[in-house]
There are 2 protein chains.
Amino acid sequence: MARPKKFSRETVLDKAIPVFWRYGLAGANVQQLEAATGVNKSGLYSEFENKDDMFVEALRRYLETGPALRILSSRPLGLGNIEQFLSLAPAFSGDYAGCLSVNSTRDIALLPDAAVRLILDFNETRMAAIRKNVEAEFPQDQVDDVCNLIWTFFSGICIDANLKADVGAHRNRVQAFMRLLRGSASSGRAEA
Amino acid sequence: MARPKKFSRETVLDKAIPVFWRYGLAGANVQQLEAATGVNKSGLYSEFENKDDMFVEALRRYLETGPALRILSSRPLGLGNIEQFLSLAPAFSGDYAGCLSVNSTRDIALLPDAAVRLILDFNETRMAAIRKNVEAEFPQDQVDDVCNLIWTFFSGICIDANLKADVGAHRNRVQAFMRLLRGSASSGRAEA
DNA sequence: AGTATTCTGAACCGAATAGTTCAATACCCG
DNA sequence: CGGGTATTGAACTATTCGGTTCAGAATACT
């Protein structure tokens, strides 16, 4: 009957993600999005409202398909999951590293409301997932602090990844941080 | 003889800094810079080559006048300086928070070479200053790791500050991190 | 007042931008 | 083959952008 779709919304978004990742919403232009997705401007604008919409949908897909929540909810809960999260959630695949969501918090002043909401909402659910793992290993009165430390550390890793995507250095840093956390966990329980 | 200068290069840069800080190089436009500095476009372009140049000079001035190195080299060296650095270096003055340099590493793909060099160079000297303080309190084999932790934590703080500039939460996070560090320092020395 | 300098305002330019439109074509399937 | 949809290409608009130019106003000193 008819010609079938050559591209799916999802694959287009997957290819648009690295562009926004690297250049941000303001820094990315439609030509780059055409080149990266392999889809014509006409095609893009038939699938998305505008560049902002494209960005929001890319960010949504990024957050939905990313490994963070899956990693953080795997059993058993505990610092093992945190280590996995810190190791794997900031992607180090080929060209780009870090995290689109963390990068985007830097651009927060320029983002459409929908994107800001996505970021804030996901920050909450991600933090809740982190917390469940922390609660499994730390006394209650330390949980807040440890969660904040983990999140801050994660953000720092992601930003630094823009500068140099060095897998080895990344692993070392995560391990050093985990040693610190584990030391704190055991001494914390010893005190309790 | 002649009309004296109404604005100085330095005050203009000081007023331009928050604009780049908040919107980034790509996200800031000349109109915003005019409004923020109170200087006409003609005036700006008589003082600076172009927008890129304005950004580079703003970043340079930011790094030169910022408190980081001063804090980190005050005597005695040690974790006290680190705490001061983490507490004060990310500015929380009024509207804007975080750090222009950290924010700019997110935009690294769009920055002029001179800006990239500024960031990398200052990262090195800043890291060297951090290291001197760490060496005063940690056994040699832990120094690298601890330095990386501190820097990563700092970056994380700065990025998160774009989202919510909460002075109280900031202080709590720094203190929690310092507790962790101090615990590690004492146990590290005990082991040695 | 006269003069040298600073600064502004506004007009202007070319390039790049996001976004629209539509005719032409590629494609699949019955 | 032919009908119908997916996609492209290109032309086009409108806006914004960075950047230039320059005449004239503001200012301070002699």
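The sequence lines fix the lettering, A, B, ..., with proteins before strands; numbering per chain opens at 1. Keep in mind it's a predicted model, so treat the numbers as computed, not measured.
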| query | Any side-chain heavy-atom pair from A:Asp14 and A:Thr37 closer than 4.5 angstrom? | reply | no
| field | All ring pair (Phe, Tyr, Trp, His ring centres under 6.0 Å) counterparts of A:Phe154, not counting sequence neighbours | value | A:Phe85, A:Trp151
| said: So if I define the base as every atom that isn't primed, P, OP1 or OP2, how would nucleotides 11-22 of chain D read as a B/S/- string at a heavy-atom cutoff under 4.0 Å? | reply: ------SSBBBB
| said: Per the salt bridge (Lys or Arg N to Asp or Glu O under 4.0 Å) rule, what does the pair list look like for residues 109-118 of chain A, sequence neighbours excluded? | reply: none
| Rounding to a whole Å, what distance do you find between A:Arg9:CZ and D:dA6:P? | 15 Å
| note | To the nearest angstrom, the CG-P distance between A:Leu33 and D:dT8 comes to 14 Å
| note | B:Glu34 CD to C:dG9 P, in whole Å, measures 9 Å
| field | Check ion pair A:Glu34-A:Lys41 (N to O, under 4.0 angstrom) | value | no
| Note: B:Glu57-B:Arg60 ion pair, threshold 4.0 Å (strictly below) | yes
